[in-house]
Amino acid sequence: NRDGGFLVCPQGHIVHNWKARWFILRQNTLVYYKLEGGRRVTPPKGRIFLDGCTITCPCLEYENRPLLIKLKTQTSTEYFLEACSREERDAWAFEITGAIHAGQPGKVQQLHSLRNSFKLPPHISLHRIVDKMHDSSTGIRSSPNMEQGSTYKKTFLGSSLVDWLISNSFVASRLEAVTLASMLMEENFLRPVGVRSMGAIRSGDLAEQFLDDSTALYTFAESYKKKISPKEEINLSTVELSGMVVKQGYLAKQGHKRKNWKVRRFVLRKDPAFLHYYDPSKEENRPVGGFSLRGSLVSALEDNGVPTGVKGNVQGNLFKVITKDDTHYYIQASSKAERAEWIEAIKKLT
């Protein structure tokens with residue numbers, strides 16, 4: 001039994017007022033008490049039955065509260081518990097997980113052996129992880145951090161990255177996260193900043209090159225630039241996206257800089273006339289690019305041979321849109337009929 005300690009939890013469903021409560025872990029129940037004048041008020045304020053509970057730690061659902069544990073009961077009630085430090089949070093999570101699986105010794109054994117070796121799943125894509133790390137809403141936030149009196153801009157803590165990798169389900173344990181982060185460094189996606197993290201690199205052992213530590217600083221390596229070129233990076237005004245959707249579908253588009261073809265979801269709107277495209281692999285519903293159709297030209301490209309300006313192994317069914325400011329967009333449809341439909345629909349709006 002964990003003999004008790006403070007955790008902070010939200011009270012009230014509409015407005016979350018975070019309140020400190022005194023928690024005690026019994027065999028299969030987490031009991032919590034109100035405090036008045038520094039004393040526990042009995043009877044308990046509430047209890048959380050742990051049988052069939054699932055635990056999420058770290059839980060990053062509240063952006064400015066990185067030390068949360070989330071418990072979801074069998075009846076799908078959710079509890080958020082905030083500890084005062086990482087050590088405290090992880091100790092509570094370990095004890096609670098042990099209590100949840102108390103009836104299954106195998107599970108508890110597994111918990112203790114999590115520190116064993118680990119191989120990355122073959123399907124994991126480092127590029128995908130780094131893309132997600134850069135995502136403005138769900139990625140890892142960099143900020144100025146201090147170490148030994150020096151301030152380093154745009155850095156993040158080793159322990160924060162470990163939390164982030166676990167909460168995004170890229171790995172299952174802190175040890176796996178350290179191994180994965182070390183690989184990201186080896187592949188030059190990340191680099192160490194400052195004395196602590198630089199020193200760890202010299203230890204030579206892959207598993208120890210990255211520090212799960214709240215004093216070790218890291219940053220994105222310069223070699224990783226945002227994939228979207230300035231021409232495609234657009235300021236979305238609400239006006240642009242207010243038009244009526246006329247047509248939408250998946251088309252392949254050639255990138256401006258690297259000339260590689262990527263599938264995008266295209267949405268054609270009128271009043272005002274815009275063609276936007278979205279990255280289907282991203283969850284947020286924000287276009288990654290788009291342009292006004294006023295004064296633009298659209299035409300089919302010849303099917304015999306590869307037209308100038310087009311790179312790669314193209315399938316045919318190509319068309320081109322030239323915008324008013326003379327930007328050329330090369331797009332492929334999946335069939336001649338589909339190409340004809342898109343050209344027809346765009347022409348009406350130019």
Side-chain angles (χ1 to χ4, degrees), residues 1-115 138 141 157-160 162-169 171-177 212-215:
N1 283 12
R2 196 171 164 83
D3 54 349
F6 284 117
L7 292 169
V8 175
C9 42
Q11 306 292 314
H13 290 294
I14 298 164
V15 179
H16 278 344
N17 296 315
W18 293 78
K19 297 240 162 60
R21 295 283 181 252
W22 183 261
F23 280 78
I24 294 179
L25 180 59
R26 303 251 185 262
Q27 203 171 352
N28 60 352
T29 314
L30 202 50
V31 185
Y32 55 98
Y33 297 84
K34 245 173 108 164
L35 265 96
E36 272 170 23
R39 293 184 54 159
R40 244 168 45 199
V41 179
T42 51
K45 174 96 175 113
R47 35 171 56 90
I48 304 168
F49 294 103
L50 297 175
D51 288 339
C53 246
T54 52
I55 182 168
T56 307
C57 178
C59 163
L60 303 185
E61 280 183 40
Y62 291 87
E63 189 187 308
N64 48 354
R65 294 181 176 275
L67 299 174
L68 285 181
I69 297 167
K70 174 171 146 185
L71 292 175
K72 190 174 180 181
T73 66
Q74 260 181 330
T75 55
S76 291
T77 310
E78 292 186 342
Y79 293 91
F80 293 91
L81 311 175
E82 185 179 45
C84 59
S85 69
R86 261 188 51 241
E87 292 69 27
E88 189 70 5
R89 178 198 68 189
D90 294 345
W92 272 105
F94 189 80
E95 298 283 345
I96 293 169
T97 309
I100 291 173
H101 300 302
Q104 308 159 268
K107 269 280 191 206
V108 181
Q109 196 54 49
Q110 205 181 332
L111 264 178
H112 287 279
S113 63
L114 264 182
R115 303 205 166 280
T138 56
R141 307 210 179 285
L157 313 175
S159 55
S160 303
V162 168
D163 283 354
W164 185 88
L165 288 169
I166 294 173
S167 74
N168 281 279
S169 309
V171 291
S173 70
R174 302 195 83 80
L175 183 73
E176 292 180 15
D212 174 8
D213 189 300
S214 54
T215 60

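The basis for the numbers below is simple: all heavy atoms, side chains too, and nothing from hydrogens, waters or symmetry mates.
Atom CG of Leu25 is separated from atom CG of Leu50 by 6.5 Å, given to the nearest 0.5 angstrom. With rounding to the nearest 0.5 angstrom, the SG atom of Cys9 is 11.5 Å from the CD1 atom of Ile69. Note: Asp163 CG to Asn168 CG = 11.0 Å, rounded to the nearest 0.5 Å. The CZ atom of Arg21 sits 12.0 Å away from atom CG of Leu81, with the distance rounded to the nearest 0.5 Å. In this structure, the separation between CD1 on Ile96 and NE2 on His101 is 11.5 Å, given to the nearest 0.5 Å. Expressed to the nearest 0.5 Å, how far SG of Cys57 lies from CZ of Arg174 amounts to 7.5 Å.
Applying the salt bridge (Lys or Arg N to Asp or Glu O under 4.0 Å) definition to pairs two or more places apart or across chains, those involving residues 66-81 are Glu61-Lys70, Lys70-Glu78.
Remark: Thr29 engages no residue in a side-chain hydrogen bond (donor to acceptor under 3.5 Å, both in side chains) (not counting sequence neighbours). By the side-chain hydrogen bond (donor to acceptor under 3.5 Å, both in side chains) test, Thr75 is found to be paired with Thr73, Thr77, residues two or more places apart in sequence or in another chain being considered. In this view, Asp213 and Arg196 satisfy the salt bridge (Lys or Arg N to Asp or Glu O under 4.0 Å) rule, not counting sequence neighbours. With sequence neighbours excluded, no residue forms a ring-ring contact (aromatic ring centres under 6.0 Å, His included) with Tyr79.
Side-chain atoms of Tyr33 and Ile24, non-hydrogen and from C-beta on, do get closer than 4.5 Å to each other. The closest side-chain heavy-atom distance from Leu30 to Trp92 is below 4.5 Å.
Residues Ala177 and Val162 come closest through the heavy atom pair CB-CG1, 3.7 Å.
Between the side chain of Trp164 and the main chain of Thr138, a donor-acceptor pair closer than 3.5 Å is present.
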inquiry  = Please determine whether side-chain contact (heavy atoms from CB on, under 4.5 Å) holds for the pair Ile48 and Tyr32, giving the CA-CA distance in whole Å, both sets of side-chain angles, and the decisive distance to 0.1 Å.
reply    = CA-CA 8 Å; Ile48 304 168; Tyr32 55 98; 4.1 Å; yes

